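Remember, predicted model here, so these are calculated numbers, not experimental data.
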There are 2 protein chains.
Amino acid sequence: MVTIKHIAEMAGVSRTTVSRVLNNSGYVSEDARKRVEMVIKETGYVPSEQAKSLRTKKTKVIGVILPTIQTETPSRIVTGVGKELAENGYQIILANTNLDKDKELEYLDVLRLRQVDGIILIATNTEPKLMEKIKGMNIPIVIVGQEADDLMYVTYDDYHAARDLTTFFIEKGHTNIAFIGVDEADHSVGYLRKKGYLDAMKSSELAVESNWVETGIFDIESGYEAMKNILTKTTSIPTATIAVTDRLAIGAISYLKEKGIRIPEQMALAGFGASELAKYLDPPLTTVDYQNEKAGEEAAKQLLAKINAKKYQKQIILDYRLIIRKSV
Amino acid sequence: MVTIKHIAEMAGVSRTTVSRVLNNSGYVSEDARKRVEMVIKETGYVPSEQAKSLRTKKTKVIGVILPTIQTETPSRIVTGVGKELAENGYQIILANTNLDKDKELEYLDVLRLRQVDGIILIATNTEPKLMEKIKGMNIPIVIVGQEADDLMYVTYDDYHAARDLTTFFIEKGHTNIAFIGVDEADHSVGYLRKKGYLDAMKSSELAVESNWVETGIFDIESGYEAMKNILTKTTSIPTATIAVTDRLAIGAISYLKEKGIRIPEQMALAGFGASELAKYLDPPLTTVDYQNEKAGEEAAKQLLAKINAKKYQKQIILDYRLIIRKSV
DNA sequence: CCATGACGTGGAATCGATTCCCTAAAACAA
DNA sequence: TTGTTTTAGGGAATCGATTCCACGTCATGG
């Protein structure tokens, strides 16, 4: 393996000078620079990242912690992060928790000891233990998808998205609107989207029957179950349902079809997330488009700014867009 | 930051001894070991990975090159890889080409200079330039999803899967079977699956009209276009269609629905990949289940075996399973 | 003509580990 | 008692970079 020492010898200069050429810092004569560059080209020499980062304490690696790589939201975020980082010569170390909350904490440590320059956490919760840990780390960390008082984050306006969507249904004349949510520990998806729904109902003075509100987990199956509960347990049957993810909506559709209930005539339906498939469902699903990839890019951008001691925005809330399709 | 030097001083031993405790190598008295361990616990010291890898030339990092993270197949593979690696204390550096072939080559270099211990390439082609480059690198590399003569790989039995699926249609009585493929540069998905289809047709002495065979790219839209072409350009209309991915099949379905063509009565349909959504389409889509996650695990397992100079299997071809659903 | 500063360069320390080699005491064998 | 092994531990080199500091050489201005 060719090292800086070899280059120095071959070019007849000291390692110092080679280093100067590499980082173009300090004084180097045109002559010496030429020779060094020649030799570098000939040998195809590339400086060792390990050695460099041992000295400089910078690895040009960013850790990304995510709950799963198998659903669209995190995948898109990572894609965005990756694009932004690649442009700046940074690499991603991936830490997949596979939905295991404890691993979020664990991976923070693993990444620290890998001396990553920063961490992007695609968060599923804002538990105090996690927040405390983040505050205690002296590595720049950006949270994506959740608000977190005085930490850096990039998230979406979940509350207003849910509120707008609900209002949209109300304006269409629906009064009985059901809701399929998830655990409120997920502040964005669980709590805020539900609050948006409830507040919209309240401000239109519409009552919400307790059985209209179901809680699932993040998979299709639980959307199916939730819709089943809604239709079998409620006294006044809703005419519209909001599901907090497209996958839950897909589960709901699957139940509705099984029972021969027509969408949207008998049950209007909407999801969140603008999954690619939503467009191709029958009927195409109304959904909320968050700019996930943009969120990833933005998170990476602010993180790099912070790392390089430039001006950065600490907290960003991205916009959303309702995509109205035939399911309503 | 606490280093081995501090630990040595605090425990009243040399760095050598601390290192011995850390790696439990060489002779260390019970007494010294206790003291060192105490200090390590007190200080929460963790050895620097950079320093270690500078010396040992091992980083415990594996590079994963993939075409996109936004479709199910690579996501599942990465999940499998991640699980296996995590169990062995390895980390993943992610290199996302975003479907840009040139970046595959580029990232091989980037990863090498990051001194990754090995590379897993989720491949979309087997172009000579790429294969040559891989042979020329002196880092262990496993290819996933493509065969590559004398390199390490884990792939699927694409040929027989396609052949079986086609035969299944034939046995159901179909004689006019269309095919939506992709560019044959993708040897597995493009070439082998098509060959399986053609050979099955031939061995049943069924003719294949040239217009029955369409080529798309990997997105839903091109499935739509392909189905449109098949139905508008052919003289004898097919009664069944095989699409080489579920997404292509979804596009095809979308066209069929638009035209009011009933599935499977007027057109039977099948895809490949066992995407989660396939199950919830209307009608549920017949598809081929490859064990993507297993493939990832297997690739990681063999790679680690090779890295650690243990016995490994150079080439693995995984099994598949037809999932017959109502679309046929 | 000499002080000053810009320019060029190299020596050597440093980052934080591992590891080779050496010394020395203790344990054991002859 | 002497000679070998085993056990224990330290010194110092090393990995491949960066960077501080010192030291020349010129040109310039006072």
Residues in salt bridge (charged side-chain N to carboxylate O under 4.0 Å, His left out) contact with A/Arg55, at least two apart in sequence or another chain: none
Contacts of type salt bridge (charged side-chain N to carboxylate O under 4.0 Å, His left out), residue B/Lys294, not counting sequence neighbours: none
Strictly by salt bridge (charged side-chain N to carboxylate O under 4.0 Å, His left out), give each pair with a member in [range] just once, sequence neighbours left out.
range                       : result
residues 7-26 of chain B    : none
residues 35-50 of chain B   : A/Arg114-B/Glu49, B/Asp31-B/Arg35, B/Arg33-B/Glu37
residues 68-79 of chain B   : B/Glu72-B/Arg76
residues 298-308 of chain A : none

Along DNA chain C (nearest heavy atom to each residue), the more 5'-positioned of A/Glu30 and B/Thr17: A/Glu30
Distance below 4.0 Å between A/Ser29 side-chain N/O and C/dT9 OP1 or OP2: yes
Distance below 4.0 Å between A/Tyr27 side-chain N/O and C/dC7 OP1 or OP2: yes
Return the polar atom pairs (N/O with N/O) between nucleotides 15-18 of chain C and the protein under 3.5 Å, or none.
residue	atom	partner	partner atom	Å
C/dC15	O3'	A/Lys57	NZ	2.9
C/dG16	OP1	A/Lys57	NZ	3.2
C/dG16	N2	B/Ala51	O	3.4
C/dA17	OP1	B/Tyr45	OH	3.0
C/dA17	OP1	B/Ser48	N	2.4
C/dA17	OP2	B/Ile4	N	2.5
C/dA17	OP2	B/Tyr45	OH	3.4
C/dA17	O5'	B/Tyr45	OH	3.4
C/dA17	N6	B/Arg15	NH2	3.0
C/dT18	OP1	B/Asn23	OD1	3.4
C/dT18	OP1	B/Asn23	ND2	3.2
C/dT18	OP2	B/Ser19	OG	2.7
C/dT18	OP2	B/Asn23	ND2	3.4
C/dT18	O2	B/Arg55	NH1	2.2

B/Ile62 and B/Ile93: CA distance, side-chain angles, deciding distance, side-chain contact (heavy atoms from CB on, under 4.5 Å) verdict: CA-CA 6 Å; B/Ile62 300 295; B/Ile93 280 203; over 6 Å; no
Dot-bracket summary - DNA chain C, pairs being Watson-Crick or G-U whose distances fall under 3.5 Å, with | when paired to another strand: ||||||||||||||||||||||||||||||
Residue pairs involving residues 92-101 of chain B (criterion side chain to side chain donor-acceptor pair (under 3.5 Å); sequence neighbours excluded): B/Lys101-B/Glu127
Nearest-angstrom distance from the residue atom CG of B/Asp31 to C1' of C/dA26: 16 Å
Whole-Å distance separating the CD atom of B/Glu9 from the C1' atom of D/dG10: 14 Å
